[in-house]
Asks: 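If you scroll down you'll find the structure; I have some questions about it.
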Amino acid sequence: MAPQLRTLEAREWDTWYRTLERAFGGPPTPPEARGLWQSLTEHDRSVGAWDGDECVGTSGAFSLRLSVPGAALVDTAGVTRVSVAATHRRRGLMTTMMRRQLDDVRQRGEPLAALVASEPDIYGRFGYGMATQQLSTTIDTARVRLEVPADTGADGVRLRYADPVAALTACEAVYAGQVTGRPGMPARPRGWERLAVLAPQGGGDGGSPLQCVVAERDGETVGYARFHNTPQWDVSGARGMIVLRDLEAGDPGGYAALWRFLFEIDLTSTLVAQNRPVDDAWQHLVSDVRRCERQLRDGLFVRLVDVGAALEARAYRTPVEVVFEVDDAFCPWNEGRWRLVGDAHGASCTRTRAPADVTLPVRTLACAYLGGVSLTALARAGLAGELKGGTLARASSAFGNEAAPWLPHSF
């Protein structure tokens, strides 16, 4: 018999989570983190696949609100905890779970689903497209200076060490203030702020416990940085490494002051940041960007569950009027022609029988949705077709956004 899917019951959580851990490999989740994830689990949005008494598949979702262009927050299913036991691969179990989940998301009225992919090639067939990227860097701070312009206000910022847990409320307020300014950032539900301080000792590299420095102006917290300090020594002396976990600031002065601090920590010569926005401003403040090893990787994958509602939920950088013909075999309710009319103040997107201007699969719309991937670039890859001259370029400009979209953490 095929494995049976059922909604997760609280008493089954440990078995369900062990199935997930086995599928991903590695050591067990530390008890504190495990307990927090258990408390954050939405059982009515979590599914187990059972072969008799054995759990052989898992999937779940968090009820998130995701920032989109136009400073709006959109109800989004944060897809998570997806796994299939190695003994039950190639039986269609993943497809069955994705089918059930997207039907549920639609019934809940959420226009979007989003996920961080363990293997990116899995999710394209379900209509997910890579909508954000993340920048990682390793900087030789012994040879690279951070030059802060005098008019940023950085010199008026006070930096102080703070206990990471005690500073959570102030730091979370800074984070919340940044969300609507950058698409892809989730407004964190209550309890999620605790995930930021569950770092292992030294980020797993034998370094310091998590450290936190807050930036203050006139007694108000305007930014923070959380990091590990990993000491290293060789015959030439101290060559320690700073591993940045996260950094947010509400103004250029606080931002510059925090980055300058990280560059100048005594007994260190390397700064590592593993997930930053692709347009992060430090790249324009360093003396030698070539000595800042930079890499890009995929970030958030987005799925338009309701094309009309999703396109109406965001604003557009320039006025746009375009008819899309959408191909969506996995969610056929999206198939057909949609007339999008929008500008910086809002949009409408409705069914139409008018001739199509642009044809594209729903995955292409997902890639472009947060404004980080241009429709013209996707068309050059053969992922969109223009039927009416000039409409693709105009739509591409409208979908763009001032700030690059970015997901600051997994879920």
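Nothing fancy with the numbering, it's 1 onward along the sequence.
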Asks: Within 45° of the axis and under 6.0 Å from the centre of the six-membered ring of F399, does NZ or CZ of R314 qualify?
Replies: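 Here R314 passes the 6.0 Å and 45° test against F399.
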Asks: State which residues pass side chain to side chain contact (heavy atoms under 4.5 Å, CB included) with A167; sequence neighbours excluded, sorted by chain then number.
Replies: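 Side chain to side chain contact (heavy atoms under 4.5 Å, CB included) list for A167, sorted by chain: A162, C171, C212, V214.
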Asks: Listed by chain and number, what are the side chain to side chain donor-acceptor pair (under 3.5 Å) partners of S236, not counting sequence neighbours?
Replies: D234
Asks: Would you please name every residue forming a side chain to side chain contact (heavy atoms under 4.5 Å, CB included) with V320, sequence neighbours left out?
Replies: Y316, V322, L340, A395, A398
Asks: Between E248 and R182, does at least one N-O distance fall below 4.0 Å, as a salt bridge requires?
Replies: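 No, no charged N to carboxylate O under 4.0 Å.
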Asks: With rounding to the nearest 0.5 Å, note down the distance linking CD in E42 to CZ in F62.
Replies: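 Interatomic distance, E42 CD to F62 CZ, rounded to 0.5 Å: 7.0 Å.
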Asks: Can a cation-pi geometry be assigned to R81 and W37, taking NZ or CZ under 6.0 Å from the six-membered ring centre and within 45° of the ring axis?
Replies: yes
Asks: Please evaluate residues R108 and E110 with respect to the criterion salt bridge (Lys or Arg N to Asp or Glu O under 4.0 Å), reporting the C-alpha separation (whole Å), side-chain torsions for both, the decisive distance (0.1 Å), and the verdict.
Replies: CA-CA 6 Å; R108 290 172 182 267; E110 293 167 326; 5.3 Å; no
Asks: Applying side chain to side chain donor-acceptor pair (under 3.5 Å), can you list everything that pairs with D280, at least two apart in sequence or on another chain?
Replies: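 Checked D280 against side chain to side chain donor-acceptor pair (under 3.5 Å); matches are Y255, R276, W282.
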Asks: Verify salt bridge (Lys or Arg N to Asp or Glu O under 4.0 Å) between D14 and R34, making sure each step is shown before the conclusion.
Replies: CA-CA 10 Å; D14 282 322; R34 186 185 182 94; 3.6 Å; yes
Asks: Is any side-chain N of the basic residue among E402 and R317 closer than 4.0 Å to the acidic one's carboxylate O?
Replies: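 Answer for the salt bridge query: yes.
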Asks: Which ring-ring contact (aromatic ring centres under 6.0 Å, His included) pairs, counting each pair once, include a residue from residues 130-149, with sequence neighbours left out?
Replies: none
Asks: Think R188 forms a cation-pi with Y175, using NZ or CZ under 6.0 Å from the six-ring centre and within 45 degrees of its axis?
Replies: yes
Asks: Is any NZ, NE, NH1 or NH2 atom of the basic residue among R11 and E9 found under 4.0 Å from an Asp or Glu carboxylate oxygen of the other?
Replies: yes
Asks: May I ask you to decide whether R100 forms a salt bridge with D104, counting only side-chain N to carboxylate O separations under 4.0 Å?
Replies: no
Asks: Tell me, please, which residues at least two apart from A154 pass side chain to side chain contact (heavy atoms under 4.5 Å, CB included).
Replies: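 Checked A154 against side chain to side chain contact (heavy atoms under 4.5 Å, CB included); matches are V148, T152, A256, A257, R260.
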Asks: Can you confirm whether D121 is buried at CG, in the sense that more than 12 heavy atoms of other residues, nucleotides or ligands lie under 6.0 Å from that atom?
Replies: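 More than 12 within 6.0 Å, yes.
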